[in-house]
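Below: the structure, in structure tokens.
Small disclaimer: the values here were computed from a predicted structure and weren't measured. Excluded from the calculations below are hydrogen atoms, water molecules and symmetry mates; all remaining heavy atoms, backbone and side chain alike, are included. We name chains A, B, ... by the order of the sequence lines, and we start the count at 1 in each one.
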Amino acid sequence: MPRLFFREALARALAEELDRDPRIILMGQDIGAHGGSYGETRGLFARFGKERVRDTPVAEAATIGLAAGAAAAGLRPMAFITYLDFLMLGLDPLVNYAAKLRFKSAGQLTAPVVVKTTTGAKGQGPTHAQCIEPWLMSVPGLTVVAPSTAGDAYGLLKTALRAEGPVVYVDHKELFPKGGEVPAEETLIPFGQAALRRSGRHVTIVSHSFMSLLTVDAAALLSKEGIEAEVLDLRSLWPIDWAALGESVKRTGHVLFVEEGQPVCGVGAELGFGLRERGVDAKMARLGAVRAPVAASQALESFVIPDAARIAAAARTLLEGRKEVPT
Amino acid sequence: MIRKLDVPMELGEGVEVRVLAWHKQEGDAIAEGEALVEWETDKAIVLVTAKQGGFLRKLFAREGDWLKVGEVSAFFADSLDEPVPDDRGAAAQGLIANFETT
């Protein structure tokens with residue numbers, strides 16, 4: 001399997017889909033001749049031209065509004081929003097227009113638009129690091145996916161560009177410096193399928209995006225102490241792979257939810273309650289950021305967001321039956 | 001003395017590089033200031049130049065191969081007949097080199 005940089009996996013998915021479907025257009029800041037904020041559109045402007053790879057001004061609401069309207073009119077636009085924080089500016093057209101269109105028009109209109117954005121902390125400070133994926137999960141009509149590997153990024157992005165409803169595709173700043181295996185042959189990854197990153201029998205640890213990589217590191221630490229953690233990478237935040245979660249958690253009897261964002265009304269809160277509603281009885285805990293903004297200082301950033309050691313500690317606490325109220 | 005060239009921590013935690021091109025081959029003499037190898041990161045090209053002389057003795061990562069921060073890409077020695085370990089993880093001083101990012 002070829003090994004590619006994360007940005008190269010994205011560029012390959014985009015090039016293949018632009019080739020396949022003439023209705024697909026890309027819109028966003030610096031995606032044209034500059035090649036994208038992360039280099040993920042490098043080469044596409046020269047190959048597909050300015051009609052299909054369109055630079056936009058620093059105007060997120062207008063970009064997503066135009067993309068949603070163009071989608072309703074028959075195109076399949078993808079809007080690039082550099083940081084997930086900036087999607088706050090584009091939530092009105094995304095939530096009130098794109099996500100509602102199918103319902104409001106009794107299925108006569110759809111908005112097959114993809115919003116690609118980047119979550120997580122990497123030294124950019126409090127307004128460029130927020131993980132607001134759970135806000136998006138709560139919106140009926142939105143699909144939310146967040147890969148942790150180059151191969152998943154490639155497969156999920158291709159599926160997103162063929163989906164009927166609005167999709168928010170979320171990558172993470174920490175994933176770009178890494179390489180990853182990407183299948184040589186064309187591969188699509190269906191929505192709603194979690195990936196098993198490590199098998200274990202004592203505790204299930206569920207996370208997504210960059211936290212999945214840290215969770216695998218945490219599982220290696222725990223294994224040295226005789227604790228075998230099973231690691232599930234959600235990949236899709238909505239729809240959720242309840243079957244895979246339920247099967248694993250029933251078997252281990254313990255589940256720890258890990259996310260980089262705020263745990264209040266977070267991914268773990270939803271997953272924990274959702275499992276209970278589905279009859280899965282287990283000891284549960286969650287770990288997320290401390291209740292503070294992510295600082296630009298590296299020391300304070302590390303203090304706020306989980307790392308492998310903290311994930312391992314939370315798993316131990318859960319298995320020992322201790323209670324720890326998050327700060 | 002055996003010296004190693006690894007991917008320096010200064011490139012950033014978690015960074016991986018792809019070997020683009022070696023400018024020297026196994027057995028070649030190297031002189032201070034000579035270009036050794038070019039690496040690609042997700043953002044930049046890193047040109048590695050020697051800041052000391054010697055001989056390139058063993059390559060562990062060829063063009064197209066990937067290296068993580070801390071991984072050894074080659075061994076160097078002061079002469080062509082000094083025994084060089086096969087084990088990439090063998091203890092060795094770091095080659096004094098310059099890493100220019102463009």
Side-chain angles (χ1 to χ4, degrees), chain A residues 1-12 30 34-43 82 118 120-124 148-151 153-154 171-182 184 209-218 220 260 298-299 301-302 305-309, chain B residues 4-26 35-49 58-75 86-91 94-95 97-102:
Chain A
M1 231 187 272
R3 191 171 180 84
L4 300 178
F5 279 115
F6 199 83
R7 64 171 158 78
E8 293 174 320
L10 298 181
R12 187 181 137 196
D30 296 330
H34 181 69
S37 301
Y38 304 92
E40 74 275 43
T41 59
R42 216 173 277 174
T82 308
T118 307
K122 198 175 185 293
Q124 289 93 342
S148 71
T149 68
Y154 165 77
D171 44 39
H172 191 294
K173 301 171 193 83
E174 290 283 2
L175 300 174
F176 283 91
K178 298 176 193 305
E181 312 295 321
V182 180
S209 191
F210 179 56
M211 280 293 136
S212 292
L213 307 189
L214 299 186
T215 300
V216 170
D217 293 345
E260 185 178 324
Q298 197 173 6
E301 178 184 293
S302 304
I305 61 176
D307 57 20
Chain B
K4 64 181 179 184
L5 173 66
D6 57 18
V7 181
M9 197 60 86
E10 288 70 34
L11 290 184
E13 203 180 333
V15 164
E16 294 181 43
V17 305
R18 180 163 51 199
V19 179
L20 275 186
W22 276 99
H23 295 284
K24 295 285 175 181
Q25 303 304 318
E26 282 181 4
L36 300 176
V37 62
E38 282 172 74
W39 296 331
E40 183 181 15
T41 72
D42 74 313
K43 284 188 186 159
I45 305 296
V46 183
L47 175 65
V48 184
T49 49
K58 194 181 270 297
L59 290 183
F60 294 102
R62 303 198 177 261
E63 279 148 30
D65 287 350
W66 289 71
L67 295 160
K68 292 188 165 74
V69 165
E71 274 190 317
V72 173
S73 68
F75 278 145
D86 290 326
D87 175 14
R88 188 175 185 172
L95 181 80
N98 184 54
F99 301 90
E100 188 193 351
T101 300
T102 50

- Item | Salt bridge flag under 4.0 Å for residues A:Lys122 and B:Glu13 | no
- Item | chain B contact via A:Arg7 - side chain, backbone, both or neither, heavy atoms under 4.5 Å | side chain
- Hey, are the side chains of A:Lys178 and B:Lys68 touching, using non-hydrogen atoms and a 4.5 Å cut-off? no
- Task: Please name the pair of heavy atoms, one in A:Phe176 and one in B:Asp42, separated by the smallest distance, quoted to 0.1 Å.
- Result: O-CB, 3.1 Å
- Message: Applying side-chain contact (heavy atoms from CB on, under 4.5 Å) to B:Glu16 and A:Arg3, what does each step give before you reach the verdict?
- Response: CA-CA 11 Å; B:Glu16 294 181 43; A:Arg3 191 171 180 84; 2.6 Å; yes
- Query: Taking side chain as C-beta onward, heavy atoms only, is A:Phe5 less than 4.5 Å from B:Glu40?
  - Reply: yes
- Message: If you count every heavy atom of other residues, nucleotides or ligands that lies below 6.0 Å from A:Gln298 atom CD, does the total exceed 12?
- Response: no
- Message: Atom NZ of residue position B:Lys24 - does it have more than 12 heavy atoms of other residues, nucleotides or ligands inside 6.0 Å?
- Response: yes
